[in-house]
Novice: 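Before I ask anything, here is the structure I am working with.
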There are 2 protein chains.
Amino acid sequence: METITIKDIARALNLSTSTVSRALRNSYEINTETKKLVLEYAEKMNYRPNPIALSLRDSKSKSIGVILPEIANNFFSQLINGIESIAYNMGYHVVIFQSHESYEREVANTNYLVSRKVDGLLVSLSSLTTDISHFEELLDKGLPIVFFDRVPKKVDTHKIVADNFGGSYQATEHLIKTGKRKIAHITSPIYLSITMERLAGYRKALEDHGIPFDESYVKYCHHGGMVVSENETAVQELLDMEEVPDAIFTASDRITTGCLSVLHRKHIRIPEEIAIVGFTNIGVAELLNPPLTAVVQPAMDMGNQATELLIKLIEHPKKPTIFESRSLKTSLMIRESTAGKTVNVS
Amino acid sequence: METITIKDIARALNLSTSTVSRALRNSYEINTETKKLVLEYAEKMNYRPNPIALSLRDSKSKSIGVILPEIANNFFSQLINGIESIAYNMGYHVVIFQSHESYEREVANTNYLVSRKVDGLLVSLSSLTTDISHFEELLDKGLPIVFFDRVPKKVDTHKIVADNFGGSYQATEHLIKTGKRKIAHITSPIYLSITMERLAGYRKALEDHGIPFDESYVKYCHHGGMVVSENETAVQELLDMEEVPDAIFTASDRITTGCLSVLHRKHIRIPEEIAIVGFTNIGVAELLNPPLTAVVQPAMDMGNQATELLIKLIEHPKKPTIFESRSLKTSLMIRESTAGKTVNVS
DNA sequence: ATGAAAGCGCTAACAA
DNA sequence: TTGTTAGCGCTTTCAT
């Protein structure tokens with residue numbers, strides 16, 4: 001049951017390795033007899049080509065690398081499932097790395113994946129990444145990269161995002177329609193694409209309904225809510241305000257659960273005192289106390305589409321004249337954390 | 001900024017590739033001058049050895065493969081973080097594959113990882129795996145494997161598990177102490193180690209407290225709760241019984257949330273009508289409605305220890321005379337889903 | 001102290 | 001139709 005190589009087959013069948021190689025790849029120039037012989041023997045011996053050797057030769061690996069902040073997060077793990085299902089069908093393997101919201105680890109992961117000759121990269125930026133030259137260099141060298149979710153603004157390649165602006169607008173408008181006016185927003189670092197877009201949607205909804213935007217109602221969590229104290233601080237600052245908010249729109253999984261936890265500990269009644277909407281794909285939203293109103297992203301579909309685009313890029317290396325930036329619709333799931341009953345506004 | 005190889009350095013410095021190679025590995029037989037020259041040039045050109053070439057040569061890769069049911073699961077993703085932190089410190093990369101509770105995918109993933117020359121494997125069996133010969137063969141060939149969580153009974157290698165028996169015993173006893181007597185158990189397929197151990201702990205606690213074990217109170221979910229209808233069916237069967245249970249002990253993340261969801265939909269009051277304890281590491285247990293009493297596994301530590309053992313195996317290939325089977329203590333987090341107040345029993 | 005050559009497994013250009 | 005050879009990047013034995 002030891003690993004068998006082309007050489008072994010060649011020796012056993014008294015052929016040259018190239019003949020065996022060609023036979024295995026069903027080359028037209030090989031005698032049918034020979035082919036049969038080789039194929040049968042290979043089958044019998046359970047021959048499997050050595051992908052390492054292939055990678056060394058061809059500088060590719062039939063695998064794609066995924067770099068994202070963390071997998072212990074419903075949004076990302078759903079997205080991974082979307083990635084895997086497409087990749088699997090197209091004959092690619094998926095190698096996942098977590099940046100844990102660290103720029104250094106993102107760079108290290110990138111280098112490793114590249115040295116491992118992945119054929120392309122699927123990336124969602126860490127919350128601490130402001131410099132993306134490590135990706136730009138690769139793009140310049142011709143390595144296909146598709147960004148998703150947290151995408152760099154300027155880079156010229158395919159991008160898949162949720163309709164962050166629309167989702168936030170909808171969430172905020174929903175809060176307004178349930179009678180809330182002092183709506184706070186807790187979010188990730190401002191330089192992330194998702195942060196800016198969600199903030200913009202929030203702001204636009206306020207202004208469209210005649211509520212002035214108030215920067216002091218916006219709190220930023222530097223580590224995207226990964227550090228527990230961030231949420232604590234953000235919530236506390238809001239509670240300490242003269243005009244305590246009557247609603248909070250939280251911008252991510254981590255921030256949402258983190259804030260909920262703080263509010264619970266402080267025995268704040270949701271939604272009576274403060275209503276909550278989260279931009280989150282958390283799976284148990286309806287099991288929470290109270291069931292959580294949430295803007296849900298089509299994570300699986302985002303994974304699907306990003307992977308399709310990436311594989312297209314890999315398999316058709318001629319640079320497309322135009323790169324796509326797709327924005328997929330979110331859906332607002334209304335539950336009790338926002339009371340549900342809507343009142344008439346404006 | 002193209003990839004630079006030893007050959008390039010050799011050419012540039014008018015040396016042979018072997019000299020460069022040795023200089024880079026700081027071999028004693030190389031002239032200090034030459035070494036300095038090479039090192040400096042390599043540094044300047046940002047030389048990085050090609051890991052693919054190394055793998056091809058040495059049949060190893062400084063990477064370890066992880067095969068587990070799914071990552072969209074707090075227990076497993078916490079465990080992965082434990083794995084990564086140790087591996088990272090020891091200079092290994094971690095490649096994660098999901099079996100999605102499918103035997104076929106488990107086998108496919110295994111083969112792929114082996115062909116990619118991982119130096120060792122960390123495995124938690126899929127819920128549909130009954131035949132483990134794919135792992136046994138590898139062990140026979142000398143590939144280090146450490147099993148965790150869902151481990152095969154007979155196989156001779158290191159294993160890291162939670163104290164499933166103890167955790168279940170504690171959970172069940174807790175239910176009994178809160179006055180429950182008709183305690184049901186919803187769990188995974190019986191042939192999984194975790195299922196048997198948890199069932200045994202549950203049973204022992206019942207019997208120790210004079211409650212006869214009743215097989216009809218035990219429901220099995222073939223896909224470990226991954227298929228929504230499984231939970232539905234299990235709960236429904238329990239509700240349809242003549243003696244409807246007054247408590248349910250659910251054996252995993254998926255089963256726990258699945259059952260909670262069904263109970264919510266049926267407007268069953270927890271814990272008044274039915275109390276719930278879950279064997280789960282779900283992160284938001286205290287945010288649930290009601291906050292969930294849970295047996296929590298030291299997932300991160302399990303990942304740490306499994307990885308330490310694996311790397312020890314990899315780096316000291318001499319077969320250890322004895323393999324370890326470590327069982328790590330769980331902790332029972334008591335919350336409102338079991339009322340909290342305990343009554344005096346037996 | 002340094003270099004030449006072989007080999008890890010595979011494919012493809014070139015020869016026969 | 002089949003075989004020979006070189007090369008992907010690296011290390012190591014065996015010269016020198």
Side-chain angles (χ1 to χ4, degrees), chain A residues 2-39 41-42 45-63 111-119 141, chain B residues 2-39 41-42 45-63 111-119 141-143:
Chain A
E2 277 309 303
T3 304
I4 182 176
T5 72
I6 280 191
K7 209 179 189 176
D8 299 323
I9 302 182
R11 202 181 302 120
L13 266 38
N14 242 301
L15 289 167
S16 78
T17 58
S18 35
T19 304
V20 174
S21 171
R22 292 200 232 347
L24 288 169
R25 340 205 82 247
N26 196 21
S27 160
Y28 67 99
E29 39 184 10
I30 297 294
N31 185 310
T32 321
E33 292 290 286
T34 319
K35 254 185 216 173
K36 219 184 96 192
L37 208 62
V38 171
L39 260 0
Y41 187 77
M45 300 303 282
N46 195 28
Y47 168 78
R48 292 283 173 273
N50 179 331
I52 302 270
L54 286 172
S55 291
L56 181 59
R57 227 195 91 83
D58 303 335
S59 281
K60 55 196 185 60
S61 59
K62 271 285 182 181
S63 66
N111 290 336
Y112 179 73
L113 286 170
V114 169
S115 71
R116 276 282 159 194
K117 297 282 182 289
V118 288
D119 300 338
K141 281 194 203 163
Chain B
E2 277 309 302
T3 304
I4 181 175
T5 73
I6 280 192
K7 209 183 190 172
D8 298 323
I9 301 183
R11 202 180 303 122
L13 266 39
N14 243 302
L15 290 167
S16 76
T17 58
S18 29
T19 303
V20 174
S21 171
R22 285 192 273 251
L24 289 170
R25 340 205 82 248
N26 195 20
S27 161
Y28 66 97
E29 38 183 8
I30 297 294
N31 186 309
T32 320
E33 292 290 287
T34 319
K35 253 186 216 173
K36 217 185 101 194
L37 208 62
V38 171
L39 260 0
Y41 187 77
M45 301 302 283
N46 195 27
Y47 168 78
R48 293 283 173 273
N50 179 332
I52 302 267
L54 286 172
S55 292
L56 181 60
R57 227 195 89 84
D58 303 335
S59 282
K60 55 199 184 59
S61 59
K62 271 287 184 179
S63 67
N111 291 335
Y112 178 74
L113 285 170
V114 170
S115 72
R116 276 282 158 191
K117 298 284 183 287
V118 287
D119 300 338
K141 281 193 204 164
L143 182 76

Novice: Any sub-3.5 Å donor-acceptor pair from A:Thr17's side-chain atoms to A:Ile6's backbone N or O?
Specialist: no
Novice: Please enumerate all residues that pass ring-ring contact (aromatic ring centres under 6.0 Å, His included) together with A:Tyr112, with sequence neighbours excluded.
Specialist: A:Phe97, B:His93
Novice: In whole Å, I'd like the distance from the CG atom of B:Leu54 to the P atom of C:dG9.
Specialist: 15 Å
Novice: What is the distance from CG of B:Leu24 to P of C:dT2, rounded to the nearest Å?
Specialist: 14 Å
Novice: Would you say the side chain of B:Ser18 and the base of C:dA4 hold a donor-acceptor pair, judged only by whether the two atoms sit under 3.5 Å apart?
Specialist: yes
Novice: Taking atom types as modelled and ignoring hydrogens, do the side chains of B:Thr34 and B:Arg22 form a donor-acceptor contact shorter than 3.5 angstrom?
Specialist: no
Novice: Quick one: pull up CZ in B:Arg116 and CG in A:Asn50 and give me the separation to the nearest 0.5 Å.
Specialist: 8.0 Å
Novice: Does atom CD of B:Glu29 have more than 12 heavy-atom neighbours from other groups under 6.0 Å away?
Specialist: yes
Novice: If I take atom CD1 in residue A:Ile4 and atom P in nucleotide C:dC8, what distance separates them, rounded to the nearest angstrom?
Specialist: 15 Å
Novice: Rounded to the nearest angstrom, tell me the gap between atom CD in A:Glu29 and atom P in C:dA15.
Specialist: 15 Å
Novice: As an exercise, state the distance from CD1 of A:Ile9 to OG1 of A:Thr19, rounded to the nearest 0.5 Å.
Specialist: 12.0 Å
Novice: Determine to 10° how strongly the helix from C:dA1-D:dT16 to C:dA16-D:dT1 is bent, judged from the axes of its five-pair ends.
Specialist: 60°
Novice: Please enumerate all residues that pass side-chain hydrogen bond (donor to acceptor under 3.5 Å, both in side chains) together with A:Lys35, with sequence neighbours excluded.
Specialist: A:Asn26
Novice: Between P on C:dA6 and CG on B:Leu56, what's the gap in Å once rounded to a whole number?
Specialist: 17 Å
Novice: If you look only at pairs with a residue in residues 3-16 of chain B, which of them pass as a salt bridge (Lys or Arg N to Asp or Glu O under 4.0 Å), with sequence neighbours excluded?
Specialist: B:Asp8-B:Arg11
Novice: Under 4.0 Å, heavy atoms only, any strand: does A:Ser59 hit a base, just the sugar-phosphate, or nothing?
Specialist: nothing
Novice: To the nearest 0.5 Å, what is the distance between CE on A:Met45 and CZ on A:Arg48?
Specialist: 12.5 Å
Novice: Pull out every residue in residues 6-15 of chain B that has a heavy atom closer than 4.0 Å to any atom of DNA chain D, ordered by number, or say none.
Specialist: B:Ile6, B:Lys7
Novice: Under 4.0 Å, heavy atoms only, any strand: does B:Arg22 hit a base, just the sugar-phosphate, or nothing?
Specialist: base
Novice: What is the distance from NZ of B:Lys60 to P of C:dC8, rounded to the nearest Å?
Specialist: 17 Å
Novice: Starting at CG of A:Asn46, measure out to OG1 of A:Thr3 and round the result to the nearest 0.5 Å.
Specialist: 9.5 Å
Novice: On DNA chain C, check which nucleotide each of B:Arg57 and B:Thr32 is closest to and give me the residue with the more 5' one.
Specialist: B:Thr32
Novice: With respect to the phosphate group of C:dC10, does any side-chain polar atom (N or O) of A:Tyr47 fall under 4.0 Å of OP1 or OP2?
Specialist: yes
Novice: For DNA chain C, whose closest nucleotide is more 5', that of A:Thr5 or that of B:Thr17?
Specialist: B:Thr17
Novice: The test is side chain to side chain contact (heavy atoms under 4.5 Å, CB included); show your working for B:Val20 and B:Tyr41 and say whether it passes.
Specialist: CA-CA 10 Å; B:Val20 174; B:Tyr41 187 77; over 6 Å; no
Novice: Below 4.0 Å from chain B heavy atoms, what is the first contacting nucleotide of DNA chain D and what is the last?
Specialist: D:dC8 to D:dT13
